Amino acid sequence: MQRIYQLLSIQVQQAIEVAFREEILATNISKNLLNPQIMPASKPEFGDFQVNGALSLAKLIKKSPRQIADNIVNQLNRNSKFKEVCLPPVIAGPGFINITLKEEYLITEIIHRAQDEKLGVPILQEESSKSNRVIVDFSSPNIAKEMHVGHLRSTIIGDSIARILEFRGYSVLRLNHVGDWGTQFGMLITHLKNVAPEALTTANKVDLGDLVAFYRQAKQCFDIDKNFKSSSRQEVVKLQQGNEKSIKAWNLLCSQSRKEFQKIYDLLDIKLEERGESFYNPFLESVVTDLEKLGLLVTDQGAQCVFLEGITGKDNNPLPVIIKKSDGGFNYSTTDLAAIRYRLSPPPKGDGACRVIYVTDAGQANHFLGVFQVAKRAKWIPNNCHVEHVPFGLVQGEDGKKLKTRSGETVRLIDLLTEAINRAKQDLINRLEKEGRQESIGFVEEVSKVVGLAAVKYADLSQNRITNYQFSFDRMLSLQGNTAPYLLYALVRIAGINRKSKDLLKKQMQVRFHEKEEWSLIRELLKFEDVIIQVEEELLPNRLCNYLFELSQVFNRFYDHVPVLKAEEPFQSSRLILCQMTGSTLKLGLNLLGIATLERM
RNA sequence: GGGGUUGUAGCUCAGUUGGAUAGAGCGACGGUUUCCUAAACCGUAGGUCGUGGGUUCGAGUCCCGCCAACCCCGCCA
């Protein structure tokens, strides 16, 4: 309820200023202390909004909070515009002012909302002065490795953030900063030369599973064998110098991995632009020389570093960010710095972004803190633009430890998703049997895929991303509680009503409500825009999940207590409007989480 | 040793720039189906918000100390 909130804020603020004009002039109180502190009511019985400002004004204006509240309310009661939309305000408790919107106003809003494709969410207008380009950097698997459970959260959370920003009207660039460069390739190429040279010259000779095995072997050789180590380093040098054969081999390895990644992205319905670390290669040297010119670079133990301000390590010495290694190689910090410059530079030499969001695990917080500080000191981040690390916690098993398979290995992402789908399928088959329903194989396949994937995504997103996240198939697929199936079911109920009401919804019908479940649902529906805006600012998709769950609960209460199809006019049409709005809100909300929906399940 | 994050009901978690009697879900217990998919709804029980101070009209929320868990800490990303 953005519009009414802003309107009320202004009106209450004005009421305060008028009511206490003399006191304000006498004591020279600064304006920001007169903030009405209006916010959504903490409980339904308090109405729609509450004004907390009277309490903090008590000290400034030597009066009791209730007296102050009384004066404010008197002013509001004289304001005809205020009276148009609100019932007379009520003073409660130590000095809160409770504001309740008039039913007529709620009806106008809900009708307005029903006609708005964006469901009331304000959409950004193109501003010529400021770039509205945002980069979301997420997923980021490593070439020659399989995507595993560690990539799950970045991929799901990043996608959802990107969707929400896109919806709000930003021009979002979704970047997959894949690990496609560095020592790992030297290792792998050296090893493949020995054991499977054809993989380096011919496409599709080895699949990703083999590559992963080869990579493991290569890593072992690298750690044990000195000769292997040095030839690996040479391979890296060749690669960096652009040696034709090396580049070809590298390309083959990358495309092999890319195919596997794409399968997972297709399954999860995630669109990403691949731009690996190698992309920034041409810009690495200038990062070093420019930092040098700025006088930020210090050579220490053979490595070129920038020492951080205010971040110390052992012995209270400043911690370094290594820009160039003692062997002349570059580091991931160097790549990240080059990436920041490129992303924030105007086209054609850059992306022209103004906000860059990095969705990576919380373990990298220190790294980003360092890199961002260096970028700031080098003045590579323009004013009004910002780079943000959006951290998330570990995926843990039900034992509270890092999620592993029974044999103690990392869980492949594809296995995890397949298992979720299979479990959803089994649940569905059991239920069909129990209810004596007959459904086609296609139906079962489709429903279990949607439910399984929705469950995985929703379980992840519905948790505050900063904390560690306990993964449990049983809980996420559970048919009760704050789960994807619960939300999907609410939508199925609405779809059921829609199927049977095709000709019932009449245009021009008078809209009327008289049940408390109807009003709760209306109020809940009108909160959607507030939630979206909040998520955009805080980048916490769990707030959206929370809202959708509450909306589903409120809807289910409505559904249980208020008949729709059997109601008389004008109530039937009025209720059908609420059903449709709930449906479109749930659908859009789930879509912004990257979750597909169903008509039947 | 330094830094970061976390600590809220038996379990998993919400908790908005500090605001009224701290909320959900699961699990437990008890109810509801002539009616739009009961994968639902209603009710009951369950809390010294890790701990000790401080700031204030008011603290789960802000500040300081302590305890515990996890993560990071120079040439991997």
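Just so it is clear: chains get the letters A, B, ... in the order the sequence lines come, proteins before strands, and each one is counted from 1. The structure displayed is predicted, hence computed values, not measured ones.
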Pairwise C1' distance, B:G50 and B:A69 [rounded to whole Å]: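 These two C1' atoms come out 11 Å apart once rounded.
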Between B:C13 (C1') and A:Asn546 (CG): distance, integer Å: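 Rounding to the nearest Å, CG of A:Asn546 and C1' of B:C13 are 10 Å apart.
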Check: A:Phe471 ring centre within less than 6.0 Å of A:Phe473 ring centre: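 A:Phe471 vs A:Phe473: aromatic centres under 6.0 Å.
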B:G31 and B:A68, which share atom name P, separated by this distance in whole Å: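 The same atom, P, in both gives a distance of 47 Å.
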Sugar-phosphate, base or nothing in reach of A:Ala362, heavy atoms under 4.0 Å: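 Since no nucleic acid heavy atom lies under 4.0 Å of A:Ala362, the category is nothing.
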Touch class at under 4.0 angstrom, heavy-atom based, for A:Glu550 against every strand present: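 No contact.
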B:G53 to B:C67 separation - C1' atoms, rounded to the nearest Å: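 Rounded to whole Å, the distance is 15 Å.
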For B:U33, glycosidic torsion class - syn if within 90° of 0, otherwise anti: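 In terms of base orientation relative to the sugar, B:U33 is syn.
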Sugar-phosphate only, base, or nothing, as touched by A:Pro320 at under 4.0 Å among non-hydrogen atoms: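 Answer is base: heavy atoms of A:Pro320 come under 4.0 Å of a base.
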Position toward the 5' end of RNA chain B (nearest nucleotide), A:Ser552 or A:Ser462: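 Result: A:Ser462.
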Contacts of A:Tyr489 that satisfy side-chain hydrogen bond (donor to acceptor under 3.5 Å, both in side chains) - sequence neighbours left out: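 For A:Tyr489, the residues satisfying side-chain hydrogen bond (donor to acceptor under 3.5 Å, both in side chains) (neighbours in sequence not counted) are A:Arg493.
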Touch class at under 4.0 angstrom, heavy-atom based, for A:Asn366 against every strand present: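 The residue A:Asn366 makes base contact.
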Distance in angstrom units between A:Asp399 CG and B:U12 P, rounded: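 Taking atom P of B:U12 as the reference, CG of A:Asp399 is at 12 Å.
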Polar contact flag, side-chain donor to acceptor under 3.5 angstrom, A:Thr360-A:His389: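 Yes, A:His389 and A:Thr360 have a side-chain donor paired with an acceptor closer than 3.5 Å.
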Presence of A:Lys402 side-chain N/O under 4.0 Å of B:C70 phosphate oxygens OP1/OP2: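 For B:C70, neither OP1 nor OP2 has a side-chain N or O of A:Lys402 closer than 4.0 Å.
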Below 4.0 Å: OP1/OP2 of B:A38 and any side-chain N or O of A:Tyr489: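 True: A:Tyr489 side-chain N/O within range (under 4.0 Å) of B:A38 OP1/OP2.
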Residues touching RNA chain B, which here means a heavy atom under 4.0 Å, drawn from residues 141-151 of chain A: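 Residues of residues 141-151 of chain A that come under 4.0 Å of RNA chain B do not exist, since none gets that close.
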Whole-Å gap separating P (B:A40) and CG (A:Leu487):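 Taking CG of A:Leu487 and P of B:A40, I get 11 Å after rounding.
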Length of the CG-P vector between A:Leu308 and B:G74, whole Å: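 A:Leu308 atom CG is separated from B:G74 atom P by 13 Å.
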B:U6 versus B:A14 - spacing of their C1' atoms, nearest Å: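 Looking at atom C1' only, B:U6 and B:A14 are 15 Å apart.
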Reading 5' to 3' through nucleotides 5-10 of chain B, protein heavy-atom contacts under 4.0 Å coded B for base, S for sugar-phosphate only, - for none: SS----
A:Leu369 CG - B:A77 P separation (whole Å):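 For the pair A:Leu369 CG and B:A77 P, the rounded distance is 19 Å.
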Nearest-Å distance once atom P is located in both B:U33 and B:U12: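 Going atom to atom, P in each nucleotide, I get 36 Å.
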Side chain A:Tyr5, main chain A:Ile38, donor-acceptor under 3.5 Å: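 At least one qualifying donor-acceptor pair exists.
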Ring centers of A:Tyr358, A:His367 separated by less than 6.0 Å: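 Here the rings of A:His367 and A:Tyr358 have centres that are no less than 6.0 Å from each other.
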P-based separation of B:C70 from B:A28 [nearest Å]: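 Between the two P atoms, the distance is 31 Å.
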Presence of A:Lys566 side-chain N/O under 4.0 Å of B:C35 phosphate oxygens OP1/OP2: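 For B:C35, OP1/OP2 do not have a side-chain N/O of A:Lys566 under 4.0 Å.
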Short side-chain N/O contact from A:Arg543 to OP1 or OP2 of B:G15, under 4.0 Å: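 Checking B:G15 against A:Arg543, a side-chain N or O does come within under 4.0 Å of OP1 or OP2.
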Sugar-phosphate only, base, or nothing, as touched by A:Lys59 at under 4.0 Å among non-hydrogen atoms: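 Answer is sugar-phosphate: A:Lys59 comes under 4.0 Å of backbone atoms only.
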Listed pairs under 3.5 Å, donor-acceptor, residues 453-462 of chain A side chains, sequence neighbours left out:
residue, atom, partner, partner atom, Å
A:Lys457, NZ, A:Leu268, O, 2.6
A:Lys457, NZ, A:Gly594, O, 2.6
A:Tyr458, OH, A:Asn482, OD1, 2.5
A:Tyr458, OH, A:Cys545, O, 3.0
A:Asp460, OD1, A:Arg153, NE, 2.8
A:Asp460, OD1, A:Arg153, NH2, 3.2
A:Ser462, OG, A:Tyr458, O, 2.9
A:Ser462, OG, A:Ala459, O, 3.2

Helical stems, RNA chain B - three or more consecutive Watson-Crick or G-U wobble pairs below 3.5 Å: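 Result, WC/G-U stems under 3.5 Å: B:1-7 with B:67-73, B:10-13 with B:23-26, B:28-32 with B:40-44, B:50-54 with B:62-66.
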Below 4.0 Å: OP1/OP2 of B:C13 and any side-chain N or O of A:Gln463: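 Checking A:Gln463 against B:C13: at least one side-chain N or O falls below 4.0 Å of OP1 or OP2.
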Rounded P spacing from B:U17 to B:G54 in Å: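 Per the computed distance, 26 Å lies between those P atoms.
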A:Arg216 CZ to B:C76 P, straight-line distance once rounded to whole Å: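 Distance check: A:Arg216 CZ to B:C76 P gives 22 Å.
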Side-chain H-bond candidate by donor/acceptor type, A:Asp530 with A:Gln2, under 3.5 Å: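 A donor-acceptor contact under 3.5 Å links the two side chains.
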Under 4.0 Å protein heavy-atom contacts per nucleotide of nucleotides 17-27 of chain B, with B for base, S for backbone only and - for none: B-BBS-SSSS-
Residue met sooner reading RNA chain B from 5', once A:Val562 and A:Gln184 are mapped to nucleotides: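 The residue closer to the strand's 5' end, by nearest nucleotide, is A:Val562.
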Sugar-phosphate, base or nothing in reach of A:Asp361, heavy atoms under 4.0 Å: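 A:Asp361: no heavy atom of the nucleic acid under 4.0 Å.
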Touch class at under 4.0 angstrom, heavy-atom based, for A:His561 against every strand present: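 Answer is sugar-phosphate: A:His561 comes under 4.0 Å of backbone atoms only.
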Separation of atom CZ in A:Phe558 from atom P in B:C35, rounded to whole Å: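 One finds 19 Å between P of B:C35 and CZ of A:Phe558, rounded.
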P spacing across the pair B:U21 / B:G60, given as an integer number of angstrom: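 About 11 Å, rounded to a whole number of Å.
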